[in-house]
Amino acid sequence: MSEYSVFASPDFDPNEYANAILAADTYPPSESKLVPRASTHSKGSAQDLIAKEDISVAISKLTFGIDDVSKQIRNLVTAHHEDLLTQASNANALSGALVSVRAGLSDLDTSVDRLRVKINVPYETLQTLVTRLQRFHQASDVLRRTSRFVILARRLQVQMNEIQGIKGPDQSSADELATATLVHGKDIEDEKERAIAKAALSIAELGALLNAPETQEENELNSPQSENYSIPLRSVTVVASHEAFIEDARSVITTEMENMVLSGLSTLNQTLLASSLQTAYNLGVLPTLVQSLLFDLSQAVEDRIRSTFDLNKISKDASAKESTTTNTPSTPQMYRSRVRTEPTNVTAPQWSAALWSRLEVMFQEMADCCIKVYALEKVLKMKKDASTHVVFLEEAMKVLENNPSATFWMSLSRALQKHFQDSSKGSSFLQQTISTGYPRLLRLFHDFFGKIAVHTDTVYSVTYQSPETILLLRSLSSVEAQYLSRSSNKINEAVGQAFSGGTRIPPGASEGINVARIVVNELDAARFDPLLVRAVAKNTALCLDNVLGRLENLISRDRVATSLSGASATPQQISNANLANFLYQAWTRLVTLSEEYTPNVFGILQPSIQNMYQVFERIIDPLTTAIRRELSAIIAKLHRIDFSKSVDPNAGMGGSSLYIKELTEKLSFIKSEIMSGYNLGSHQRTWVTSIVKYVIRTFILHISIASPLGESGKLQMASDMTGLEFALNAFIVDNTQNKRGGNLELIGDEYRALRAMRPLFFLENKELASRSHTAGLPPLIVLHHILVRSPIPLPHKLHGWQEAEYVRWVDEHSEEESWTLVEGGLTHWEKVSETEGKNIKDAIEYVELAREVLRNAQSQAR
C-alpha cells in the first residue's frame, strides 16, 4: 500500500505529478530536498523509483494500479452488496422527506417577506416621527432656556439699576448721608448688600445657561442627531446680544464684592463679610476668593518682614532720628554720609533703636493680618447658603489644603524663619542685636499673642501653649540657639574664673555664690517665657554637670584629707573645705529655685542640684566619720581607768580624767582647725549638733558599761561628766555667742540622758526599775548599770567583745535588738549558773530588776 501513498495524499495534484514524471523529478519536489544523499543506497520511496523510470513504465504501472483498484472495488461490492442495497433504499426514503422539508422552508420564506412588509414600513415612519420629536424637544429646550435667559437678563438689568441707584447717591451726596441717621445709613448698606447678592446669583445662573453644556467635549460627543444634544445658547442671536452687558455686570459685581470683602476685613464687620462671601458663593468664585485673600495677607506679612530687616531702610530711619535730635533751627545742617549697611560704634544705638521700632510695627501688622484671617475663618464656619445649606468653609476647602488659619500660621512661620536666618547670616549687626535682645524679641511675641488672643483661640501661658504659638516660636530656633550659647558662655566664664586657681587655689564660698548668682540671673531673665526658661534650664543643668565634673577632680580622698593628727589642718583638708563651701553656697541658692519656678522647670535642674549636694556630702561624710572614730577612740580610753579604786592618781582632786582632757583638746582642735574652714551656715550648726549628740551617746554607753565601779569611781564619773559638758559647750557655742551652757539644752534627749546619768549612780537598787527615778535615760543604759552592780556579766563580756566593739554594735542596731541581746544574756547566764550549780541568790534581785525594766521598755515601745 506504500506504493499508493502518493495518490492518497490530500495535496495530490495530477498535473504536477505528470510534470514530475516527464521531467524525471521527484514528487512532491519539497520532500526531495529533505532526503539525505546517503539514502540513495538504501530502500528508496515510491516517488524516487518513479522518477528513475521512463514514461512507458510509469504508464504501465498506473494502468496496473487502476486495474488493481477496480478489482478491489468490485470484490468489495460483491462482498457487501446487501448493505449497499439497504443504504440505497434508505436514501430513496429520505429523498421523500426532504421534499416536504423543502416545501416548509419555502412557506417560511414567504411568511418572512410578508412580515418584513408589515414591520419595516411602520418602523421607518416611526423613526421619522421620533427624529421630528427630538427636534421639537431640542427646540423647546432652547426656547425654554432662552426664555429663562431673557427673564434673568431683564432681572439683572433691574438689579443693576438698583445697585447704581443706591451707589450713586452714596457717592454723590456724601454730605447728605453724613447728616443722616446711623440707622438709615445702615439700612442703605444692607439694601445694597442684598441687591449685590441677588445680582450675583442672577449672573451665576446666566453664566450657567450660557456655558451649558459645560465642556466642548460634551458637544463633540453629542451629535445634533443625539438625544442628549443641547443647542448652545450662544448660537441664538437674542442671547448673544446680552453677553456684553452680562460681562460688564459681572465686572461691576466682582469689584463691589471685592470692596466689601476688604472693607469687612479692615473693620472686622462680620455682617459685611458674610454678605460679600455670599456674593462670592453666588458667583461661584468663593474658593478662589478665599485662596486669593489668604495669599494676599500672607504676602503682605512677608513683605513687611522683609522690609523690617532691610538694612538700607534701617539706616535711613536711624539717620532720620539722628537728624531730628541733633539738628535744631539754630544749628547748621550737619554733614550726612552715604547710606551704610553696617553701623559704626557711634551709630550703633540709633540703628538698634530703629530696628526695634520696625520690629514693633512688624508685629502690629502681623497681629492685624492674623486677626483678619481668623475673622474670615470664623465667618466661613458660621455662614452657609440658605438654599443649598452648604457651609462656606467646606466650599473653600475644595482648593485649600488646610484651614485658613493653619495655612496662615505655616506661611508666617516660614517667612519668619527664612528672614531671621538670612538676616543673621547677612549682617553681624542684626545677628548681635537680635540674639542679645532675644528676651525683648520674645516679649514682642508675647504682646502679639496677647493681641490676637481676644479674636482667636490661641493660648500662650505657663501651663499651656497652643500648637500655633509653638510653631511660630520654632521659627526663632537659630536666634534662640545664639542666645542660649551666650547664656552658657556667661555661666562657663564664671565657672572658669572660679576654677582658674586649680588645685592650689580651689574655688570657695564667694565663687559658689557668684556662680549661683549668674545662674539665677540667667533663669530670671528667661522666666517670663515658659519655653525659653526650659531651654535655659537645660543649658544650665549641663553647665552644672560640667562644674561637678571639674570639681570631682579637685577633691582630695587620701588619708591626709581625714587625718586629725597634728597641730593644724592639712592643705588637703583646707582644699576640701573650700570645695565644700563652694558646693554648699551654690546649692543653698539654687535649691530655693523650687519656690520660684514651676515643677516642669525645676525638674530639669533638680538632678544636677541633687548631684551637687551629693558631691558635697561625699566631702563631708568621710571627715565626719573620721571625727567620730577619733572621738570614740578617745572616749573608749576610760575603760583603762579602774573606777573601783578609792582615788585616781592620774587625776587631781576633783579634776577630770586624762581621757576627758584629751577629748577636750581634740574637740578644740576640730573646732578651731577643721570646722573653722567651713562656711556652711545652718548646715554647719546641724553638723556640730550631730557630732555633739554622737559624743554624748557614745560617752553614756561607755560609762554605763564601765566595771567594776566603786563609790569613788562614781564621783570621778560625775566629775568627768562635768568636764565633758564644759568641753561640749565650748565646742558648740559660736564665736559670736557669750552664753555659757545654754546651747547644750538644744541637743535634746542625749543631753537629758547625760544629766540624768549622775543621779543614776547613787540610786538604791529598788529605785532602778522606777520610771520616775530613771526619767530621761534609755532603758539600755539602766540595764547596763543594773548588770554593773550585779555579778551577772555584761553582754560584751558574755560574747567576748571589746567595749568599743560593743558600743559600735549598739550604735548600728535598734533598741529592740539591744534589749533582746541583754535578755538573751540573762537567760543564758541563768542556765549556765543552774548547770554549774552556782548560788544565784545574790543576783536574783538584779535579774528581777532587769526583767522589770525590759517589760516596762517593751510595753512603752508598743
Side-chain angles (χ1 to χ4, degrees), residues 632 635-644 659 693-711 713-718 720-721 724 749-771 773-830 842-858 860-861:
S632 178
I635 295 173
K637 292 180 179 180
L638 69 88
H639 297 286
R640 300 177 184 176
I641 302 174
D642 186 2
F643 289 99
S644 62
Y659 75 93
K693 287 183 177 181
Y694 177 80
V695 170
I696 295 176
R697 189 169 56 252
T698 304
F699 178 77
I700 292 174
L701 283 172
H702 275 286
I703 64 173
S704 67
I705 61 175
S707 178
L709 183 62
E711 293 299 325
K714 295 177 182 180
L715 294 175
Q716 184 62 45
M717 283 188 178
D720 292 345
M721 291 180 199
L724 178 64
D749 295 339
E750 287 80 1
Y751 179 67
R752 285 192 291 271
L754 179 64
R755 297 298 298 270
M757 197 67 190
R758 289 191 184 92
L760 178 67
F761 293 140
F762 306 102
L763 291 177
E764 298 292 334
N765 289 340
K766 61 180 180 180
E767 296 176 345
L768 293 177
S770 175
R771 294 182 181 179
H773 290 86
T774 60
L777 285 171
L780 182 64
I781 302 301
V782 179
L783 290 172
H784 287 167
H785 188 65
I786 292 173
L787 296 179
V788 167
R789 291 188 180 188
S790 70
I792 304 172
L794 289 163
H796 66 281
K797 294 182 178 180
L798 190 63
H799 291 81
W801 296 343
Q802 296 292 329
E803 289 82 359
E805 292 177 347
Y806 175 67
V807 171
R808 192 181 308 115
W809 185 93
V810 171
D811 190 50
E812 294 174 353
H813 292 75
S814 63
E815 290 185 351
E816 289 78 5
E817 292 175 332
S818 301
W819 300 342
T820 304
L821 181 67
V822 173
E823 186 176 10
L826 291 174
T827 305
H828 178 73
W829 178 80
E830 288 177 341
D842 297 337
I844 291 178
E845 178 186 2
Y846 298 103
V847 173
E848 291 177 354
L849 286 173
R851 294 193 183 278
E852 185 177 357
V853 171
L854 284 172
R855 284 194 300 269
N856 293 336
Q858 291 171 355
Q860 188 176 2

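The structure presented is a predicted model; accordingly, all values stated were derived computationally and were not measured. Below, each value reflects all heavy atoms present in this structure, side chains not excepted, and no hydrogens, waters or symmetry copies.
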> With a 3.5 Å cut-off and no angle check, do the side chains of Asp720 and Gln716 form a donor-acceptor pair?
Replying inline: yes
> Donor-acceptor pair, Thr827 side chain versus Glu823 backbone, under 3.5 Å?
Replying inline: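 It does hold such a pair.
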> With distance as the sole test, does Glu767 use its side chain to make a donor-acceptor pair with the main-chain N or O of Glu764 at under 3.5 Å?
Replying inline: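 Yes; at least one donor-acceptor contact below 3.5 Å.
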Show the nearest heavy-atom pair for residues [X] and [Y], with the distance to one decimal.
{"X": "Phe699", "Y": "Ile635", "value": "CA-CG2, 3.8 Å"}
{"X": "Leu777", "Y": "Ala753", "value": "CD2-O, 3.3 Å"}
{"X": "Leu760", "Y": "His785", "value": "O-NE2, 3.4 Å"}
{"X": "Asn856", "Y": "Ala769", "value": "ND2-O, 3.6 Å"}
{"X": "Ala843", "Y": "Pro791", "value": "CB-CG, 3.7 Å"}
{"X": "Leu701", "Y": "Ile781", "value": "CD2-CD1, 3.7 Å"}

> Do Glu711 and Lys714 pass the salt bridge (Lys or Arg N to Asp or Glu O under 4.0 Å) test, and can you show the C-alpha distance, the side-chain angles, and the key distance before you say yes or no?
Replying inline: CA-CA 5 Å; Glu711 293 299 325; Lys714 295 177 182 180; 3.4 Å; yes
Check whether any side-chain heavy atom of [X] sits under 4.5 Å from a side-chain heavy atom of [Y], and report yes or no.
{"X": "Pro795", "Y": "Trp809", "result": "no"}
{"X": "Asp642", "Y": "Pro708", "result": "yes"}
{"X": "Gln802", "Y": "His796", "result": "no"}
{"X": "Phe643", "Y": "Ile703", "result": "no"}
{"X": "Leu821", "Y": "Glu817", "result": "no"}
{"X": "Leu826", "Y": "Leu787", "result": "yes"}
{"X": "Leu768", "Y": "Asn765", "result": "yes"}

>> Using the rule given for side chain to side chain contact (heavy atoms under 4.5 Å, CB included), can you reason through Ile786 versus Ile792, listing the C-alpha separation, both sets of side-chain angles and the distance that settles it, and then say yes or no?
In response: CA-CA 9 Å; Ile786 292 173; Ile792 304 172; over 6 Å; no
>> Against Tyr806, only a single residue in His702, His784, His813 fulfils ring-ring contact (aromatic ring centres under 6.0 Å, His included); can you say which?
In response: His784
>> With salt bridge (Lys or Arg N to Asp or Glu O under 4.0 Å) as the criterion, how do Arg752 and Asp749 come out once you've worked through the C-alpha distance, each side chain's angles and the decisive distance to 0.1 Å?
In response: CA-CA 5 Å; Arg752 285 192 291 271; Asp749 295 339; 2.2 Å; yes
> Atom NE2 of His773 and atom CZ of Phe762: how far apart are they, to the nearest 0.5 Å?
Replying inline: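 Output value for this atom pair is 15.0 Å.
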>> Could you measure the distance from the OG atom of Ser704 to the CG atom of Leu780? Nearest 0.5 Å is fine.
In response: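 Answer for the OG-CG pair, Ser704 versus Leu780, is 6.5 Å.
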>> side chain to side chain contact (heavy atoms under 4.5 Å, CB included) for Lys797 and Ser707? Distances and angles first, verdict last.
In response: CA-CA 11 Å; Lys797 294 182 178 180; Ser707 178; 4.1 Å; yes
> Under 4.0 Å between a Lys/Arg side-chain N and an Asp/Glu carboxylate O for Glu805 and Arg808?
Replying inline: no
> Quick one: do Glu830 and Arg851 make a salt bridge, cutoff under 4.0 Å?
Replying inline: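 So Glu830 pairs with Arg851 through a salt bridge.
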>> For Leu724 and Val695: C-alpha separation, side-chain torsions, deciding distance, then whether side chain to side chain contact (heavy atoms under 4.5 Å, CB included) applies.
In response: CA-CA 9 Å; Leu724 178 64; Val695 170; 4.0 Å; yes
>> I'd like to know whether Asp811 forms a side chain to side chain contact (heavy atoms under 4.5 Å, CB included) with Thr698, so could you lay out the CA-CA distance, the side-chain angles of the two residues, the decisive distance to 0.1 Å, and finally the verdict.
In response: CA-CA 8 Å; Asp811 190 50; Thr698 304; over 6 Å; no
